[in-house]
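Contents: one structure, followed by commentary.
Predicted model only: the values in this text are computed from it and were never measured. These numbers come from the heavy atoms of this one structure, side chains and all, not from hydrogens, waters or symmetry mates. Numbers here are sequence positions counted from 1.
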Amino acid sequence: MTLKLNIKDKFNKELPADPILENSRRQVSEACFSFVTPKIPSNPSLIHVSPEMLNNLGLTKEDSETKDFLNLVTGAEIFPNTKPYAMCYAGHQFGNWAGQLGDGRAINLAEIEHKNKHWALQLKGAGETPYSRSADGLAVLRSSIREYLCSEAMFHLGVPTTRALSLSLSGDQVLRDVMYNGNPDYEKGAIVARVSPSFLRFGSYQIFPSRGDVDTLKTLVDFTINTHYSHLGKPSKAVYIAFMKEVAKRSLDMVIHWQRVGFVHGVMNTDNMSILGLTIDYGPYGWLEGYDHGWTPNTTDNTHKRYSYGSQMQITHWNLFQLANAIYPLVEDAEPFETILNDFPKEAETAYRDMMRSKLGLKVEIESDGELIEELEKVLHASETDMTIFFRNLANLKTSEYQEWWSIISNAFYKPNEINGDIKDSWKHWFSNYGKRLAKEQSTDQERKLEMNSINPKYVLRNYMAQLAIDDADKGDYKLIEEFFNLLKKPYDEQPTSEKWFAKRPEWARNKVGCSMLSCSS
């Protein structure tokens, strides 16, 4: 290969490997990964590349136009002196212990250093691994587009996330049952090259104590601290506690950002929780259209709504309990873990209130703000109200003209004719309180608007937008992918020529598969 990459592999050189080299489904013990070779695609082609991620890896636009680059990001050729692998981990899925899971659809190619930053390069959809169980290890175009666009969009929203380098077609057909209803069909196979400082997740640590393997657990935790949390000091019992505390804080920060922009992950299993507090594994995610704490995009979760928008912080807390249980054998003292976990709900409550205060343009802290926020959430739930449009337009309100609220936010309502009677009275009451509250701020209306517009995005990757891009891409038209990729680079800017994407979900998308209903199928 003519590509020049500064390969600095650590994970597959410093951690214990699965000694079995054949690619057979099996339980893997006392190992953090298994060596595996990607499946060679039949006719790969590149759909899109992120210029920013190219630069982050030390590559150029010219590099991305070469055959070597295409071969690298589709698994057609292994980069010299690298040994691809799939990671071994376990996890709780929908609250139930699932045992060994692992990278069933992801293959790590190499680790790259550039400008003092360390990146792991991974292919999603490049073939089966020992952890694929009964699956084929492949991915389809629709889910690959969703991951590619969303991971980059989330970064520009300021949300901690894994990144994406490229989106490619494999040239192969992949059989999938989209809604798990017994109607499988062939779809275009695709591969996303995704990038992160690490793809370690909570389940990476859970698997070892579940098997009584404390030695490998210690090896992995020490590696994680030395590689990603070295500022905490040399691994010791005190540092293990500090590590747990920082993971809790990063996880809290991540979910607060989700709540801020109206993102719902959809599958917050412990194997989908990054040890670095990054959004990872974009499956059946969604963006709130109507403001609804009980909404989940995942049809598998429709009954219990375990991973709904409003439950994400509680689930993070539950997942942190599982991580603490996994690390406990290294400390053998429950009290410091209990302190971290017991403090979490209060810290989450404070962080959420501060986040909502910032969305409302409130900089002065007043104790009654909690009541103002609760009252707002109740009235937002009273009639279907678009979250993104409501908060973005709220910045246009002038402190002295809060009685003009209807003209400011009316286009956020999906059914404006419902805003009458008690609902309208509730809105009037809230805006009266909000107007009085704004009068206690020091900022001018213009200063507040600028602040709010830097926190409340104008553009997010609504599910219907992603589906439009998917429908076009199925026909070989990738213009919308490019349009959305560039639009979502500046989600807080007005972008007047893209105003049509600052709009409520169209009615045709209300119950359409891919727009309101998604599954874990990919």
E451 side-chain N/O to S358 backbone N/O, donor-acceptor pair under 3.5 Å: no

Heavy-atom pair of closest approach, residues I256 and A348: CD1-O, 4.3 Å

E14 CD to L220 CG distance, which is reported to the nearest 0.5 Å: 11.5 Å

Heavy-atom check, side chain of H257 versus side chain of M355, under 4.5 Å: no

Heavy-atom check, side chain of H92 versus side chain of W318, under 4.5 Å: yes

Under 3.5 Å side-chain donor-acceptor pair for Q122 and S196: no

Neighbour count above 12 (heavy atom, 6.0 Å) for H304 NE2: no

Candidate list F155, Y459, Y148, test ring-ring contact (aromatic ring centres under 6.0 Å, His included), partner F485, passing option: Y148

Shortest non-hydrogen separation from S151 to A164 and the atoms involved: OG-CB, 3.4 Å

All side chain to side chain contact (heavy atoms under 4.5 Å, CB included) counterparts of E371, not counting sequence neighbours: none

Sequence neighbours excluded, every pair satisfying salt bridge (Lys or Arg N to Asp or Glu O under 4.0 Å) that has a member inside residues 386-395: D386-R462, R392-E494

R437 versus D369, closest heavy-atom pair with distance: NE-OD1, 2.6 Å

Near-ring test W258/H265, centroid separation under 6.0 angstrom: yes

Over all atoms of both residues, closest heavy-atom pair of A469 and I481: CB-CG1, 4.2 Å

Six-ring centre of W287, R505 cation under 6.0 angstrom, axis tolerance 45°: no

H317 and F344 aromatic ring geometry - parallel, tilted or perpendicular at 30°/60° bounds: parallel

Closest approach of D301 to S308 (non-hydrogen atoms, all atoms of both residues): OD2-N, 4.3 Å

Side-chain donor-acceptor distances from residues 326-343 under 3.5 Å, at least two apart:
from : atom 1 : to   : atom 2 : distance (Å)
D333 : OD1    : E335 : N      : 3.2
T339 : OG1    : E335 : O      : 3.1
N342 : ND2    : E338 : O      : 3.1

Donor-acceptor contact below 3.5 Å, side chain T227 vs main chain T224: no

Rounded distance (nearest 0.5 Å) linking atom CE of M452 with atom CG of L394: 4.0 Å

Derivation and outcome, salt bridge (Lys or Arg N to Asp or Glu O under 4.0 Å), residues R194 and D281: CA-CA 10 Å; R194 55 186 193 174; D281 293 342; 3.0 Å; yes

Polar side-chain atom of T162 near backbone of T279 as donor-acceptor pair, under 3.5 Å: yes

Donor-acceptor side-chain pairing of W97 and Q206 below 3.5 angstrom: no

Short side-chain to backbone donor-acceptor contact, Y89 and G102, under 3.5 Å: yes

Derivation of the side-chain hydrogen bond (donor to acceptor under 3.5 Å, both in side chains) call for H156 and E52: CA-CA 11 Å; H156 292 291; E52 185 179 350; 3.3 Å; yes

N396 and K449 side chains, donor-acceptor separation under 3.5 Å: yes

Distance, nearest 0.5 Å, that separates OG1 of T74 from CD1 of I191: 5.5 Å

H48 (side chain) donor-acceptor with S168 (main chain) under 3.5 angstrom: no

Stepwise side-chain hydrogen bond (donor to acceptor under 3.5 Å, both in side chains) test for N298 and T296: CA-CA 6 Å; N298 189 351; T296 173; 5.7 Å; no

Between D222 and Y240, a side-chain donor and acceptor under 3.5 Å: yes

Any side-chain heavy-atom pair of Y492 and L157 under 4.5 Å: yes

Side chain proximity check, S251 to L320, heavy atoms < 4.5 angstrom: yes

Residue pair T385, Y414: steps toward the side-chain contact (heavy atoms from CB on, under 4.5 Å) verdict: CA-CA 6 Å; T385 312; Y414 280 85; over 6 Å; no

Donor-acceptor pair between D213 and T216 side chains, under 3.5 angstrom: yes

Salt bridge (Lys or Arg N to Asp or Glu O under 4.0 Å) partners of residues 109-123, not counting sequence neighbours, each pair once: none

Cationic N near anionic O, under 4.0 Å, E147 to K124: yes

Minimum side-chain heavy-atom gap Q322-F202 below 4.5 Å: no

Main-chain N/O of L372 paired to W430 side chain as donor or acceptor, under 3.5 Å: yes

Cation-pi check, R146 onto Y285 ring (under 6.0 Å, within 45° of axis): yes

Note, K218 side chain near V221 side chain (heavy atom, < 4.5 Å): no

Counterpart residues, side chain to side chain contact (heavy atoms under 4.5 Å, CB included), relative to N269 (two or more places apart): Q93, F94, V267, D271, N272, Y307

For Y309 against D292, the heavy-atom pair lying closest together: CB-O, 3.9 Å

Side-chain touch N56/M53, heavy atoms, less than 4.5 angstrom: yes

Results of side chain to side chain contact (heavy atoms under 4.5 Å, CB included) for Q100 - residues two or more places apart only: Q27, V28, C88, Y131, I207, R211

I47 CD1 to L167 CG distance, which is reported to the nearest 0.5 Å: 4.5 Å

Between CZ on residue F243 and CG on residue L323, distance to nearest 0.5 Å: 6.5 Å

Residue pair N486 / E482, side-chain donor-acceptor N/O under 3.5 Å: yes

Distance-only polar pair, side chains of H228 and E246, donor-acceptor under 3.5 Å: no

Residue pair Y282 / T161, side-chain donor-acceptor N/O under 3.5 Å: yes

NZ/K249: more than 12 non-hydrogen atoms of other groups inside 6.0 Å: no

Salt-bridge contact K504-E289 (side-chain N to carboxylate O under 4.0 Å): no

Test side-chain contact (heavy atoms from CB on, under 4.5 Å) applied to L438 and R448, step by step: CA-CA 10 Å; L438 287 179; R448 174 170 50 83; 3.6 Å; yes

Q495 (side chain) donor-acceptor with L487 (main chain) under 3.5 angstrom: yes

Check ion pair R250-D253 (N to O, under 4.0 angstrom): no

Polar side-chain atom of T270 near backbone of G203 as donor-acceptor pair, under 3.5 Å: no

Close side-chain approach of T316 to L252, heavy-atom, < 4.5 Å: no

